[in-house]
Amino acid sequence: MKEAPKSTSNWIPRFKSLPIYNKVLLGAIFLFFFFASIRYDKLSIDQSNIREVQFKSLKKNKMYKDLGYSYRLKLLESAQEFIIKADYAPCLKLDTFHQVVQEGDVIKISTERSNPSLICFISKGDIILLDINCVATQTNYINRMIPILIALSIFLVWGLLYKIKQDQGTA
């Protein structure tokens, strides 16, 4: 009877057999993406920037190949267009917005500190139409997941290249 081959799924002996520069490289990549994923603070919203403005229009913009929608908000007193980006669009209560807000109505808006044209809060009276907490949750999730996914992709490619190189050395 043939003996079953030993499992090679144990990664600790493989890691110990790596050259030191590969260990340092893996550690550096891991630390870089770990700190990149936790360095993002909550969404920087300028609370002092909540201001009352007169609404003019809200237009839906279709993104490339139906990836999502962003919105452009125009005001009566300003030629500047404000943007509700696609990441924040799920937080916008669009049906309520169209029912409650008419052209010329006074609404409250707040923008991000880093980009004053990005809206992250809209309300009319006591009705919140775009919630800061929902926007912050969306943003924090995306900002943490992207570096982690990039790191996992790098580890996967590095592992495959190492395995190919190892297999070529034994052949």
Gap separating the CG atom of L118 from the OG atom of S110, nearest 0.5 angstrom: 11.5 Å
Single-linkage hydrophobic cluster I109~L76, side-chain heavy atoms < 4.5 angstrom: no
SB check E81 R72 (cutoff 4.0 Å): yes
Side-chain heavy atoms of L129 within contact of S123, under 4.5 Å: no
Within 6.0 angstrom of K124 NZ, more than 12 heavy atoms from elsewhere: yes
Closest heavy-atom pair and its distance - C120, E112: SG-N, 4.0 Å
Side-chain heavy atoms of V53 within contact of K108, under 4.5 Å: no
Point-to-point distance, once rounded to the nearest 0.5 Å, from OH of Y88 to CG of L130: 9.0 Å
Side-chain heavy-atom pair I84, I122 within 4.5 angstrom cut-off: yes
Side-chain heavy atoms of K59 within contact of K74, under 4.5 Å: yes
Ring centre gap for F55 and F97 strictly below 6.0 Å: yes
Over-ring placement of K60 relative to Y69, 6.0 Å and 45° cut-offs: yes
Check: L58 and L73 side chains under 4.5 Å, non-hydrogen atoms: yes
pair L75-F82: side-chain heavy atoms closer than 4.5 Å: yes
Interatomic spacing from OG1 in T96 to CD1 in I127 - rounded to 0.5 Å: 7.5 Å
Spacing of NZ belonging to K85 relative to OG belonging to S70, to within rounding of 0.5 Å: 11.0 Å
Y71 side, atom OH; N61 side, atom CG - distance, nearest 0.5 Å: 9.5 Å
Pairwise side-chain contact, D105 with Q54, heavy-atom cut-off 4.5 Å (strictly under): no
